[in-house]
Amino acid sequence: MKVYDIAVIPGDGTGPDVVAEGIKVLNAASEKFGFELNYTQFDFGGERYLKTGKILDDSEVEELRKFKAIFLGAIGHPDVKPGVLEKGILLKLRFALDQYINLRPVKLYEGIETPIKNKGPKDIDFVVVRENTEGLYAGAGGFLKQGTPDEVAIQESINTRKGVERCIRYSFEYAKLKGRKKVTLVGKTNVLTFAFDLWKRTFDEVAKEYPNITADYAHVDATTMWFVKNPEWFDVLVTDNMFGDIITDLGAMIQGGMGVAAGGNINPEGSSMFEPIGGSAPKYTGMGVINPIAAIMATQMLLDYIGEKEAASLVEKAVMDTILKMESMNAGKMGYSTNEIGNLVKTYIEKA
Ligand code: IPM
Ligand code: MN
């Protein structure tokens with residue numbers, strides 16, 4: 001029997017609530033397809049930080065590196081200063097484990113309402129490949145004369161040929177693997193004439209190796225317009241860290257909101273981390289009202305990543321069936337509790 005070691009970080013707020021439903025679904029899938037998942041729980045997050053002062057030390061990162069996949073609930077606590085946990089846990093893991101891809105599917109499922117008028121599931125089905133270790137997130141820069149009237153703050157965008165190329169190559173490989181037809185580079189070549197010159201040159205070179213995939217380019221500002229006006233134009237998008245962060249929040253909204261949006265922080269050769277991208281929503285903690293679909297879709301991506309393709313595809317079917325039964329994707333208005341939604345997905349898998 002195949003055995004996979006999975007690290008689980010339930011995290012803060014509603015993180016543990018949705019992780020419980022994700023695990024339920026993972027267990028149903030492993031039972032069905034005859035593989036074993038070995039979970040190891042980690043208590044990283046705001047709660048532990050407030051109690052012990054520990055965020056995430058290097059030995060803990062090394063511990064996580066041993067796992068093929070990590071399932072993360074949410075990090076973020078109302079009593080912790082913004083940035084501490086985000087930088088100290090989430091970004092630290094992305095960087096230290098070299099999870100250089102942030103993969104964010106934007107797919108509107110049948111039965112989910114989108115705020116975009118006259119658009120439906122056939123129009124909204126694309127994937128954003130966000131570079132996840134460089135750009136403005138690299139932390140390059142600093143202050144001069146801090147706290148004085150002459151203060152200068154510099155934040156530099158780091159773009160390496162290697163980092164850009166592996167990200168672009170991943171997006172073409174992904175398109176090829178998933179039978180997608182087009183890859184669009186999202187940038188700002190008209191203003192950011194150094195960074196996106198490198199991106200565009202690299203993109204054009206790599207695209208030549210994939211003659212069956214259309215290579216396209218769009219400026220990031222126009223992209224946000226087209227997400228709303230013509231989402232059907234997009235198939236696979238590839239972009240830098242900051243632009244990817246921004247456009248995927250818009251993407252999440254057009255696919256039905258944070259209750260459904262999942263993402264993967266991927267190191268194709270190492271340890272990857274899957275998460276619902278919605279955050280910890282502390283006010284809903286333990287109430288049974290939070291939507292677990294995003295977390296369940298994160299487990300779907302996790303299964304696909306570890307190579308359990310059949311299981312991943314059944315989880316997606318089960319989620320699609322469950323969504324049709326739900327009243328909405330919004331917390332407290334789903335027609336079911338968090339736990340009941342997990343049970344619907346689980347039962348579908350068991351009966352399939
Ligand atoms: C995301 C989040 C993070 C980011 C924050 C919490 C650091 O917004 O995963 O998109 O900016 O990458
Ligand atoms: Mn974000």
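Counting starts at 1 for both ligands and their atoms, in listed order. One-based numbering along the sequence shown.
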Exercise for the section: Fit a plane to each ring of Tyr174 and Tyr170, take the angle between them on a 0 to 90° scale, and name the class: parallel (under 30°), tilted (30 to 60°) or perpendicular (over 60°). Expected result: parallel
Practice task
Could you establish whether Asp245 and ligand 1 come within less than 4.0 Å of each other, counting only heavy atoms on the residue side?
Solution key: yes
Exercise for the section: Just say parallel, tilted or perpendicular for the rings of Phe196 and Phe243, cut-offs at 30° and 60°. Expected result: parallel
Practice task
Give a yes/no answer: is there an N/O/S atom of Asp249 under 2.8 Å from the Mn ion (ligand 2)?
Solution key: no
Practice task
Tell me, please: is Met242 in heavy-atom contact with ligand 1, that is, under 4.0 Å?
Solution key: no
Completion exercise
To the Mn ion (ligand 2), the closest N, O or S atom belonging to Asp245 is OD1
Completion exercise
For atom 6 (C) of ligand 1, the closest protein heavy atom turns out to be Glu86 CG, 3.6 Å
Practice task
Tell me which protein heavy atom sits closest to atom 11 (O) of ligand 1, plus the residue, atom name and distance to 0.1 Å.
Solution key: Tyr137 OH, 2.6 Å
Problem - Sub-4.0 Å heavy-atom contact, Arg94 with ligand 1 - result: yes
Exercise for the section: If you have a sec, work out which protein heavy atom is nearest atom 1 (C) of ligand 1 and how many Å separate them, to one decimal? Expected result: Arg104 NH2, 3.3 Å
Exercise for the section: For the pair Asp12 (side chain) and Gly76 (backbone), establish whether a donor and an acceptor sit closer than 3.5 Å, ignoring hydrogens and angles. Expected result: yes
Exercise for the section: Decide if atom NZ of Lys317 counts as having more than 12 heavy atoms of other residues, nucleotides or ligands within a radius under 6.0 Å. Expected result: no
Handout entry: Heavy atoms of other groups near Tyr305 OH, more than 12 under 6.0 Å
Key = yes
Completion exercise
Which of Arg201, Lys208, Lys200 passes side-chain contact (heavy atoms from CB on, under 4.5 Å) with Asp204? It is Lys200
